[in-house]
2 protein chains.
Amino acid sequence: MAGTKAHAADAPRVRRNREDEVLLAAIDVFHRKGYATASIQDVADSVGVLKGSLYHYIDTKEDLLARIFAESDEQSHTIMQEIAALEITAVERLRTFARTWSLWYLENVERSSLYFNEWRHLTGERLERIMDQRHRYELYVTDLIDAVVREGEADPDLNSRYAAFFVLSAINVLPSWYKRGGPDAPEHIAEVWADMIVGMVCHSEGRRKPRSGGGRSGT
Amino acid sequence: MAGTKAHAADAPRVRRNREDEVLLAAIDVFHRKGYATASIQDVADSVGVLKGSLYHYIDTKEDLLARIFAESDEQSHTIMQEIAALEITAVERLRTFARTWSLWYLENVERSSLYFNEWRHLTGERLERIMDQRHRYELYVTDLIDAVVREGEADPDLNSRYAAFFVLSAINVLPSWYKRGGPDAPEHIAEVWADMIVGMVCHSEGRRKPRSGGGRSGT
DNA sequence: TTGCCTACCAAACGATTGTCTGGTAGGGTT
DNA sequence: AACCCTACCAGACAATCGTTTGGTAGGCAA
């Protein structure tokens with residue numbers, strides 16, 4: 001209960017684990033200046049430490065970026081599992097996917113902006129892993145939309161691959177528009193976004209059924 | 001007819017104006033490596049010139065980026081005027097906007113990718129001009145969607161600002177997905193994209209009318 | 001022929017970069 | 001008291017960066 005490292009728990013309460021502090025500072029700095037433009041110096045300044053000292057916690061600058069991404073990957077994996085566990089219609093699954101995901105992006109603007117804008121700066125195996133992850137997302141959404149079509153809730157002529165791109169685009173760009181402290185709560189925006197996405201997929205030429213009352217419906 | 005500079009016309013026909021050559025090389029290099037990561041050296045290598053020699057054509061590295069953007073701005077301004085000149089329904093205007101714009105992005109992937117990914121690296125007045133332009137686009141699309149609502153082709157409860165974001169997102173992200181030489185022609189993709197966008201805006205709760213036969217319809 | 005202008009080379013500049021090395025203060029363990 | 005380990009400092013490292021300067025080959029005009 002006192003944390004994994006016993007002696008670290010005695011440090012002043014206000015200071016979290018220094019390693020986390022470095023990660024958080026890096027997220028902020030990389031988000032504001034861009035990974036390539038931001039320097040290790042900037043991150044060190046933000047933490048309040050000489051730049052050389054950072055190498056006590058990280059191996060390289062790219063390693064710092066990769067670690068941020070790893071955290072994001074972890075959290076997104078959790079979200080995906082939660083959605084997968086729900087027993088609901090394909091349409092409702094799509095809606096849940098859109099809403100949950102939009103909300104997460106809105107609540108983690110910096111992290112998700114980094115994920116979309118700076119992934120090019122990874123190299124080798126780490127780059128491949130990111131691109132794999134991205135590809136799996138596309139497939140997941142494509143399958144989801146195919147399922148919606150199979151349920152008869154969308155136009156059978158809908159190109160599910162394109163539709164998936166469209167849906168992902170709309171969600172992914174959220175963090176680049178959103179400014180914190182706007183008039184609308186993130187929850188509200190996420191709801192609207194989910195509506196638009198489901199509407200876009202399901203609008204098919206007059207074939208739409210009324211929205212099933214929130215519960216599940218038989219296939 | 002021999003070009004603006006008489007003596008330049010005698011240069012080997014295969015070599016275009018060197019200034020254009022520099023711009024094209026910069027577009028390619030900045031697109032591949034990112035503005036911050038790419039060096040003036042890289043651009044010079046691509047042109048086949050020492051890096052110092054580039055400063056015969058440009059003032060600074062940022063100036064080079066800004067000049068690329070200026071070209072893009074010019075072309076987009078032309079497109080906007082062409083669309084504005086058409087006398088068509090708001091829905092068809094939206095569709096035309098989406099189709100034309102999508103197509104332009106698909107045919108100018110490098111240029112438009114730069115426009116979306118590297119605009120942060122401009123400073124001062126040039127940055128402000130870009131952000132102004134961006135803002136004007138949002139307003140234009142918002143107004144367009146309001147017009148669609150006023151025509152009764154979309155749900156009156158539709159939040160036109162959000163819908164505009166959504167539409168712009170979907171279009172803007174196109175160049176980051178598209179790979180040249182894929183199975184589908186850019187024209188086809190643009191058509192599909194326009195359909196999805198119009199569908200998303202117009203799907204409003206069963207109020208949709210059949211698509212007006214391509215011509216104009218009275219208000 | 002003389003002179004100018006364009007287009008480029010060759011070489012250097014100061015600044016900044018990511019990273020490494022060696023040292024050390026201080027708390028914890030033995 | 002002796003030792004070790006973590007967390008950091010101080011300072012240097014080579015490399016790379018954008019940019020500048022001075023020079024020059026060659027075509028064009030007078």
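Keep in mind that this is a model prediction, so the values were computed, not measured. Here is the naming used below: chain letters follow the sequence lines, and residue numbers restart at 1 for every chain.
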(request) Using the six-membered ring wherever Trp is involved, compare the ring planes of B:Tyr105 and B:Phe116 and label them parallel, tilted or perpendicular (cut-offs 30° and 60°). (result) perpendicular
(request) Decide if atom CZ of B:Arg126 counts as having more than 12 heavy atoms of other residues, nucleotides or ligands within a radius under 6.0 Å. (result) yes
(request) Compute the angle between the rotation axes at the two ends of the helix from C:dT19-D:dA12 to C:dT30-D:dA1, each taken over five pairs, rounded to 10 degrees. (result) 10°
(request) Verify whether one side chain among B:Tyr115 and B:Asp73 offers a donor that lies under 3.5 Å from an acceptor in the other. (result) yes
Report all interatomic pairs (protein N or O, nucleotide N or O of nucleotides 18-24 of chain C) with separations under 3.5 Å.
from: C:dG18; atom 1: OP1; to: A:Ile40; atom 2: N; distance (Å): 3.4
from: C:dG18; atom 1: OP1; to: A:Lys61; atom 2: NZ; distance (Å): 3.1
from: C:dG18; atom 1: OP2; to: A:Ile40; atom 2: N; distance (Å): 3.1
from: C:dG18; atom 1: N7; to: A:Lys51; atom 2: NZ; distance (Å): 3.1
from: C:dG18; atom 1: O6; to: A:Lys51; atom 2: NZ; distance (Å): 3.4
from: C:dT19; atom 1: OP2; to: A:Tyr55; atom 2: OH; distance (Å): 2.4
from: C:dT19; atom 1: OP2; to: A:Lys61; atom 2: N; distance (Å): 2.8
from: C:dT19; atom 1: O5'; to: A:Tyr55; atom 2: OH; distance (Å): 3.2

(message) Is the phosphate of D:dT6 approached by A:Arg18 (side-chain N or O, under 4.0 Å from OP1 or OP2)?
(response) no
(message) Distance check needed: D:dG18 C1' versus B:Asp63 CG, whole Å only.
(response) 13 Å
(request) Check whether the ring centres of A:Trp101 and A:Tyr137 lie less than 6.0 Å apart, and answer yes or no. (result) yes
(message) Whole angstroms only, please: what is the CG-C1' distance between B:Leu54 and D:dC17?
(response) 14 Å
(message) Counting only side-chain nitrogens and oxygens, does B:His56 get under 4.0 Å of the OP1 or OP2 atom of C:dA7?
(response) yes
(request) Could you label the plane-to-plane angle of the A:His188 and B:Tyr162 rings as parallel, tilted or perpendicular, counting under 30° as parallel and over 60° as perpendicular? (result) tilted
(request) Would you kindly give the CG-to-C1' distance between B:Leu50 and C:dA11, to the nearest whole Å? (result) 10 Å
(request) Not counting sequence neighbours, which residues clear ring pair (Phe, Tyr, Trp, His ring centres under 6.0 Å) with B:His31? List them please. (result) none
(request) Measure from NZ on B:Lys33 to C1' on D:dC17 and round the result to the nearest Å. (result) 12 Å
(request) Could you state the atom-to-atom distance from CG of B:Leu64 to P of D:dC17 in whole Å? (result) 15 Å
(message) Assess, by modelled atom type and distance only, whether the side chains of A:Ser39 and A:Asp42 contain a donor and an acceptor separated by less than 3.5 Å.
(response) yes
(request) Look at atom CZ of B:Arg161 and say whether more than 12 heavy atoms of other residues, nucleotides or ligands are closer to it than 6.0 Å. (result) no
